[in-house]
Peer 1: 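Input: one structure, supplied below.
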Amino acid sequence: MRIAVIGTGYVGLVAGTCFAESGNTVTCVDIDEKKIRRLTDGEVPIYEPGLEELLKRNLHDGRIKFTTRYEEAIPGAEVVFIAVGTPSGEDGSADLKYVLEAARTIARHMTGYLVVVDKSTVPVGTARKVEQAMREVTRHPFDVVSNPEFLKEGAAIDDFLKPDRVVIGSESPRAREVMDTLYGPFVRTGNPILHMDRVSAELTKYAANAMLATRISFMNEIANICSLVGASVDQVRKGIGTDARIGSRFLFAGLGYGGSCFPKDVKAVVHTAAENGYEFRILRAVEQVNEAQKRLLFERIQKHYAGKLAGKRFAVWGLSFKPNTDDMREAPALVVIQGLLAAGARVRVYDPEAMEECRKHHFKDRIEYAQTPMDALEGAHGLVLITEWNEFRNPDFDAVKAALAEPVVFDGRNIYPRKVLERLGFTYYGIGT
Ligand code: NAD
């Protein structure tokens, strides 16, 4: 099939590459010229395991190309995916300006029947808005389908090629058939393609992210109670996770959720509810808990040093909002580092992939960037573990202790065993352990 993908961010680039991998001919469009130049050279601008290799292969075989020009992608395409950003507006609603702009531009360049797919996470009713925006521009026939994306950054290729389910919202038999053909290769093991109406498909994506965010905030509150009563959240987690109704995944206490999706999607659901005269009380609490949780580790650090942080230096391990990505959008690291800097402390960071992102878009030269995890520790007054990259899991603790000016570990992800560290002479702070 001939496919166009609009937007080459985490979702568009992965979707385009995976559709090419299954034999389709894909043209990806982005308004960012620099990005398109790099992609054309086979250079992936984000860190996503396995993506570069897959992209290079499909570029080499001529199944995927990149352009800034819609006119090179839309005429002759059978399906167009809209995968541009939908950031939070000031009132928490999803800002649809990029989606609608893309829709109008697609409409200007289409030459015949087209299936237009909302792949971006968009509020209920967006498919209809996209339809209206296009109808004002073109007389050609088209169907607008809602096909939300559930991939996880850091495991995006696997998620896309082997999805738990594919959700397709469309009332058009013609569009459904096109979508079934396209996704057929990815669901051969029997995972379902779920057909539903567009509004339900749109809400499904938000409901999934809101549920996952709720699990995180719920476990963080359990962790906070654990700290107060002397229980261990890791034991409680195992105790409840073995209940099949609960399940063991996504139950880890930590520093709160971040990233480009959960924060904005939770806000968007609250906003959609309010627009319809309903107050989504649980999700308001989920947000409040998350904001407090992001500050928790900094508050622990402050308390340990009785508020005297000026002039001290801290080693921070991990910047990205979770491991295996360089994405720092809404990352807890931002809150912790900001707190330390505001209190007059100095910060030396190490992250396997996100340091360039941090230097360019966040702290620039206000913090120091280390070459290795151990290099970050030299002379620091404490180690602050923020993102649980694998390489941080089993350090040589004797060497860690020798490097630190003071043997204190603030473990924001509970990856270190308290008993072992205390035996070695560290002061250890975890989250609810
Ligand atoms: P992103 O910000 O990484 O990328 C968006 C891209 O769209 C940018 O490269 C931008 O230049 C481009 N763009 C903007 N306007 C354009 C236009 N008119 N024409 C062509 N290109 C344009 O975004 P992302 O993380 O890939 O997310 C995209 C959507 O997918 C969002 O709605 C997001 O909520 C959703 N989503 C994201 C994830 C994720 O893990 N990142 C997962 C599932 C769903």
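Every number for a ligand or one of its atoms is a count from 1 in the order of the listing.
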Peer 1: Below 4.0 Å, non-hydrogen atoms only: which portion of Arg329 touches ligand 1? Side chain, backbone, both or neither.
Peer 2: side chain

Peer 1: Would you say Asp32 and ligand 1 have an N/O pair spaced under 3.5 Å apart?
Peer 2: no

Peer 1: Is it the side chain, the backbone, both or neither of Lys264 that has a heavy atom closer than 4.0 Å to ligand 1?
Peer 2: side chain

Peer 1: When you check the gap from the basic side-chain N to the acidic O, do Asp41 and Arg38 get nearer than 4.0 Å?
Peer 2: no

Peer 1: Is there any N or O on Asp30 that sits under 3.5 Å from an N or O of ligand 1?
Peer 2: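 The answer is yes, given that Asp30 and ligand 1 share an N or O pair closer than 3.5 Å.
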
Peer 1: When the ring planes of Phe19 and Phe186 are compared, do they come out parallel, tilted or perpendicular, using 30° and 60° as the limits?
Peer 2: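 It falls in the tilted class, 30° to 60°.
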
Peer 1: Looking at Glu153 and Lys322, does any basic side-chain N land under 4.0 Å from a carboxylate oxygen?
Peer 2: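 Salt bridge absent between Glu153 and Lys322.
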
Peer 1: Where's the contact between Ser120 and ligand 1, heavy-atom distance under 4.0 Å: side chain, backbone, both or neither?
Peer 2: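 Ser120 to ligand 1: contacts from backbone and side chain alike.
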
Peer 1: State the atoms of ligand 1, each with its element, that fall below the 4.0 Å cut-off from a heavy-atom position in Lys205.
Peer 2: 43 (C)

Peer 1: Closer than 4.0 angstrom, basic N to acidic O: yes or no for Lys267 and Glu287?
Peer 2: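 Yes, this pair counts.
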
Peer 1: If we set the cut-off at 4.0 Å for heavy atoms, which region of Cys261 has an atom near ligand 1: side chain, backbone, both, or neither?
Peer 2: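 Under 4.0 Å from ligand 1, Cys261 contributes side-chain atoms alone.
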
Peer 1: Could you list which atoms of ligand 1 come closer than 4.0 Å to a heavy atom of Ser260?
Peer 2: 41 (N)

Peer 1: Do side-chain atoms of Asn24 reach the backbone of Met1 as a donor and acceptor pair under 3.5 angstrom?
Peer 2: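 Checked: pair present.
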
Peer 1: Does Arg69 pair with Glu72 as a salt bridge, N-O distance under 4.0 Å?
Peer 2: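 Answer for the salt bridge query: yes.
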
Peer 1: Give the table of side-chain donor-acceptor pairs shorter than 3.5 Å for residues 273-284, with sequence neighbours excluded, one pair per line with atom names and distance.
Peer 2:
residue, atom, partner, partner atom, Å
Asn276, ND2, Thr272, O, 2.8

Peer 1: May I ask you to identify, for Tyr70, whether its side chain, its backbone, both or neither come under 4.0 Å of ligand 1 on a heavy-atom basis?
Peer 2: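 Contact part for Tyr70 vs ligand 1: side chain (C-beta onward).
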
Peer 1: Does ligand 1 come near enough to Thr121 that some N or O of the ligand is less than 3.5 Å from an N or O of the residue?
Peer 2: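 By distance alone, the answer is yes.
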
Peer 1: Salt bridge or not between Asp95 and Lys97? Use side-chain N to carboxylate O under 4.0 Å.
Peer 2: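 Salt bridge present between Asp95 and Lys97.
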
Peer 1: Are any of the N/O atoms in Ile6 less than 3.5 Å from those in ligand 1?
Peer 2: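 The answer is no, given that Ile6 and ligand 1 share no N or O pair closer than 3.5 Å.
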
Peer 1: Can you name the atoms of ligand 1, numbered from 1 with element, that are less than 4.0 Å from a heavy atom of Glu153?
Peer 2: 39 (C), 40 (O), 41 (N)

Peer 1: For ligand 1, which atoms, with element, lie under 4.0 Å from some heavy atom of Val11?
Peer 2: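 Ligand 1 atoms under the 4.0 Å threshold to Val11: 26 (O), 30 (O), 36 (N), 37 (C), 38 (C), 42 (C), 43 (C), 44 (C).
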
